[in-house]
Each structure stands twice: as C-alpha cells, then as structure tokens.
Asks: 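Got a structure for you, questions after.
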Amino acid sequence: MRSLKTQVGIVGAGPAGLLLGQLLHLNGIDSVIVENRSRDYVIDRVRAGVLEQGTVDLLNAMGVGAGLQRAGLRHEGLYVSFGGCRHRIDLAELTGGKAITVYGQNEVVRDLIDARTMTTRPLYFEAERVSVGALHSSSPVIRFQHGGTDHEVHCDVIAGCDGFHGICRPSIPAGILTVYERSYPFGWLGILAEAAPSSDELVYTYHERGFALFSMRSPRITRLYLQVPPDEPIENWPDDAIWDEMLVRMTTRDGWRPTVGRIIQKGVTPMRSFVAAPMRYGRLFLAGDSAHIVPPTGAKGLNLAASDVLVLARALKAFYERGRTEWLDEYSDVCVRRVWKAQRFSWWMTSTLHRFADENGFNHHRQLADLDYLTSSRAAMTSLAEQYVGLPMEVSFESAGLC
Ligand SMILES: Cc1cc2nc3c(=O)[nH]c(=O)nc-3n(C[C@H](O)[C@H](O)[C@H](O)COP(=O)(O)OP(=O)(O)OC[C@H]3O[C@@H](n4cnc5c(N)ncnc54)[C@H](O)[C@@H]3O)c2cc1C
C-alpha cells in the first residue's frame, strides 16, 4: 500500500480535471490527478471543438494558450441554413468583437497534459478500481490501484471531474442530489473526414430529413454531424450513405455543399440534458460533465467544465490563503446558475433545429417561423450571438489568481 497526502485530489484527467490542476498549480496549491484511461486514449478521444471567448481567454491567461493561438480557428460568425438558404449571423459585430474558436478538445487536453507534466505534480493514468471515501470528514480519500500497487491519497478536498459515467457522483449517498433530466429522441452521427472545409464558418442546417451540422477541426479536416435515431447502429451507415445524406441535407440553392473526402472516424452519440445538484457533498465537489450534460448543439459542455473549475479554483485559493470557506459553500449555487442558462440555450438550439418523430405540422411551421425570426431580427440574432460566444463567467480571473 502506498499512502500519499495532497491538498486537492482530482478524479479524472479530462478538460475539467486538467484545467483545475493547472489553476491550482498557478496558485501554489498541490494536487494529485487520478485517471482511469491511458494517456493516448484521453488525448485521442474526439469530442468538443468550439471554445467560447471566455474559455479562450482563460486558457491564454493560464499560459496554456500557445497551441490555441497557433492552430485555433477564430470564427466571427456562423450560418443557419433552412429552406435551401444559408443566413449568416455576425457574432463579432453583435457582441462587441467576441468570437468562438475552433480547436479540438483533444488538442486542449494534450496542451494541458504537457503543462501538467512540466509542473512535475502527480498525474496517474490507467488507475484501476478508483474509489472515493470519507467524503464528509476533513480528510477524504481517493483509493486506486496503479502498476499492481494499492494507492491511498489523503486530501483536504476531492474534485470529482470524472465525467458523466464516473464514480464520484454515484458515491454521494441517495437522497442528497436532485437530478433533472431530459432525453431526446435522436442522436448525432458524427464523422471526421479528410476534406478541406468548404465554409470558413459553421453551418447549422434544419432540413425536412433532419438536422445536420457542418464544422471543421483544421484547414484539412471537416467534422460533420447528422441527426439519426438515438440507438442507430453505425453499421447501418456505410461511408457512401453518410455522404449521400450529408449532401441531401446540406446542399443549398446557391450550390454550396460540403467537400467530400475519406472518412477517418465515425460514431453515434445520444443526446441528453442532465443536471445533478447540489454540486457538492461534504468535501467532494463535482465539476464538468460529472454534474451536468448538455446536448452538443449549443457547444457548451467543455465550456461549462471550464467555468466550473474557475469558480472552484477561486474558492480553494481563498480557503488556503485566508481560511475562508464562504466561496466553497457558494460553489454549487454559483455554478448552477450558469449551468441552467447553458441548459436552456442548448435545449432551445436542439429543439429548434431538429425534427421530432412525433411532431405535427404545427410544430414544423413553428420551427420554420422561429428560424425566420432568428435570421431576420437583429434582437434575435444578438441573443443567439451573446449566448453562443458565451455568457460572462460568474467570477473574475483575478479572483482565481490569474492576471
Ligand atoms: C460529439 C460531441 C461534441 C461535443 N461538442 C462540444 C463543443 O463543441 N463544445 C463544448 O464545449 N462541448 C462539447 N461537447 C461536450 C464536451 O466534450 C464535454 O462536456 C467535456 O468533455 C466535459 O469535460 P469533463 O472533464 O467534465 O469530462 P470528460 O471529458 O468526460 O472527462 C472525464 C475524465 O474522467 C475520466 N474518468 C471516468 N471515470 C473515471 C474513474 N472511475 N476514475 C478516474 N477517472 C475517470 C475519463 O476517462 C475522462 O478522462 C461535445 C461532446 C460530444 C460527445
């Protein structure tokens, strides 16, 4: 048995856990990160790609933005397409110069793992049988096996950053959390293709056959999504069938269409809205997907993980520097306020842009009217733009120790 002591034990080396570890390091606070997957698996996992302005600013302020500045694609607008026409929404003009940046989650994670490695603080990959205990004591513990040896990490606080399927949230006794949940009757079939993006900006398409999204990862790689049934086997979709459907849904009357190329990755993701609150039990603090999930239409998940850990870092800094616990006590309320705004936006984007199997003509025409209003009203476009580039973080960077 190997026994370790740290200030903050972090379960999970996704965006939430790695960002928190780095924020704590910048404030001189020690942490141990425990991840059950391998380094390569964590880096290769293809997921988010759209970073809000605030997330970009946060990564830069933390000194981990070099890759982002080199390879990130800044987008000052996006397109909403319906009825065969694309309508541009000028995000920057409507928000006083803010934008989103396309930079793959795997690149963010790679940059953060490199930064963590430079700190020489512990990060265990391929940890097995991870569990947490003594959550309501002043010394909660993370237990795991690594390299055949049992490990026990005694902490002041544990951050549950282990995603939706992790062990931290289920370790909270029954009756403490209230869960709010909505499943959608569809999923997204996503592909990565070796094809130069035929649009410089994302294209969200509402089509009679279902939603489609055109996006990209780099000047050579396109990332595309199709609305499909939630449990659709990927085997039902040979590459040619995927391209046929993409082209039917996305081609516009002026002849714009995605460039076809070799598909290098494909998979189906179900869609869900989920919030578990409070995001705290004793000395366990949940952050990111371990506490909430949004459907990816609004591109908010990773961004919410970043805003959660900023709030947690502020609270832990005050705790260690001044012995103050008020911000730890407020942590859940402060995060949940922003989480619900992102939930509302993601639900609205999803329900406006997707076809529902049981919908009637009324709903179809309401959706078209919604899209017509959205693309013809400056007020409606401004509302979308300010939410898409990201609502303000709930706490300042300075309060979390960043200049
Ligand atoms: C198709 C798709 C597209 C998306 N697009 C966007 C987008 O454009 N913008 C956006 O902001 N978000 C997007 N998201 C959401 C985003 O990917 C997630 O919200 C984000 O990964 C959350 O980060 P996290 O660190 O909280 O959780 P995760 O990324 O899930 O990380 C949790 C980590 O904990 C580890 N773990 C799990 N269990 C254990 C255990 N028992 N012990 C130790 N470690 C454990 C996992 O291996 C993982 O590394 C998208 C998601 C999908 C699926």
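Heads up: numbering here begins at 1 and tracks the sequence. Since this is a predicted model, take the numbers as computed values, not measurements. In each ligand, atom 1 is the first atom listed, and ligand 1 is the first ligand listed.
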Asks: Under 4.0 Å between a side-chain nitrogen and a carboxylate oxygen: does that hold for R70 and D111?
Replies: no
Asks: Are any of the N/O atoms on F164, whether in the backbone or the side chain, positioned under 3.5 angstrom from an N/O atom of ligand 1?
Replies: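 No; the residue has no nitrogen or oxygen that sits under 3.5 Å from a nitrogen or oxygen of the ligand.
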Asks: Decide whether an N or O pair under 3.5 Å exists between G49 and ligand 1.
Replies: yes
Asks: Under a 4.0 Å heavy-atom limit, does C161 contact ligand 1 with its side chain, its backbone, both, or neither?
Replies: backbone
Asks: Do ligand 1 and V50 have nitrogen or oxygen atoms that lie under 3.5 Å from each other?
Replies: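 It does: an N or O of V50 is found under 3.5 Å from an N or O of ligand 1.
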Asks: Using heavy atoms and a threshold below 4.0 Å, how should the contact between E35 and ligand 1 be classified: side chain, backbone, both, or neither?
Replies: both
Asks: With sequence neighbours excluded, what pairs up with R283 under the side chain to side chain contact (heavy atoms under 4.5 Å, CB included) test?
Replies: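 Per chain and number, R283 pairs via side chain to side chain contact (heavy atoms under 4.5 Å, CB included) with S138, P140, D156, V157, F319.
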Asks: What about R47: any of its N or O atoms under 3.5 Å from an N or O on ligand 1?
Replies: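 Checking ligand 1 against R47, an N or O pair does fall under 3.5 Å apart.
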Asks: In chain order, what residues pass the side chain to side chain contact (heavy atoms under 4.5 Å, CB included) check against R110, with sequence neighbours excluded?
Replies: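 Checked R110 against side chain to side chain contact (heavy atoms under 4.5 Å, CB included); matches are I43, E107, D114.
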Asks: Classify the contact between V34 and ligand 1 as side chain, backbone, both or neither, using a heavy-atom distance cut-off of under 4.0 Å.
Replies: backbone
Asks: Mind checking whether W256 and F214 have ring centres under 6.0 Å apart?
Replies: yes
Asks: Evaluate the ring planes of F186 and H354, with Trp represented by its six-membered ring, and classify them as parallel (under 30°), tilted (30 to 60°) or perpendicular (over 60°).
Replies: parallel
Asks: Return yes or no for this condition: an N or O of A299 is under 3.5 Å from an N or O of ligand 1.
Replies: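 There is such a contact, yes.
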Asks: Can E52 and K98 be counted as an ion pair, charged N to O under 4.0 angstrom?
Replies: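 The answer is no: the pair does not qualify as a salt bridge.
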Asks: Give yes if a backbone or side-chain nitrogen or oxygen of N36 is under 3.5 Å from a nitrogen or oxygen of ligand 1, and no if not.
Replies: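 Among all N and O atoms of N36, at least one is under 3.5 Å from an N or O of ligand 1.
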Asks: Over 60° means perpendicular and under 30° means parallel, so tell me whether F144 and H151 are parallel, tilted or perpendicular.
Replies: parallel
Asks: Using 30° and 60° as the class boundaries, would you call the ring planes of F82 and H87 parallel, tilted or perpendicular?
Replies: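 Rings of F82 and H87: parallel, under 30°.
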Asks: Which bit of T269 is near ligand 1, meaning a heavy atom under 4.0 Å away: side chain, backbone, both or neither?
Replies: side chain
Asks: Check V130 against ligand 1 and report side chain, backbone, both or neither, counting heavy atoms closer than 4.0 Å.
Replies: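 It is the side chain that gets close, since no backbone atom is under 4.0 Å.
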Asks: Would you please test R2 and D150 for side-chain contact (heavy atoms from CB on, under 4.5 Å) and show each step?
Replies: CA-CA 6 Å; R2 192 153 171 237; D150 288 331; over 6 Å; no
Asks: Does any N or O atom in R45 lie less than 3.5 angstrom from one in ligand 1, N or O only?
Replies: yes
Asks: Would you mind checking if D30 and K5 are paired as a salt bridge, meaning a charged N to carboxylate O distance below 4.0 Å?
Replies: no
Asks: Looking only at distance, does D289 have an N or O less than 3.5 Å from an N or O of ligand 1?
Replies: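 Indeed, backbone or side chain, D289 has an N or O that close.
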Asks: Determine, using heavy atoms of G190 and all atoms of ligand 1, whether some pair is separated by less than 4.0 Å.
Replies: no
Asks: What atoms of ligand 1 come within less than 4.0 Å of a heavy atom belonging to K300?
Replies: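 Answer, ordered by atom number: 10 (C), 11 (O).
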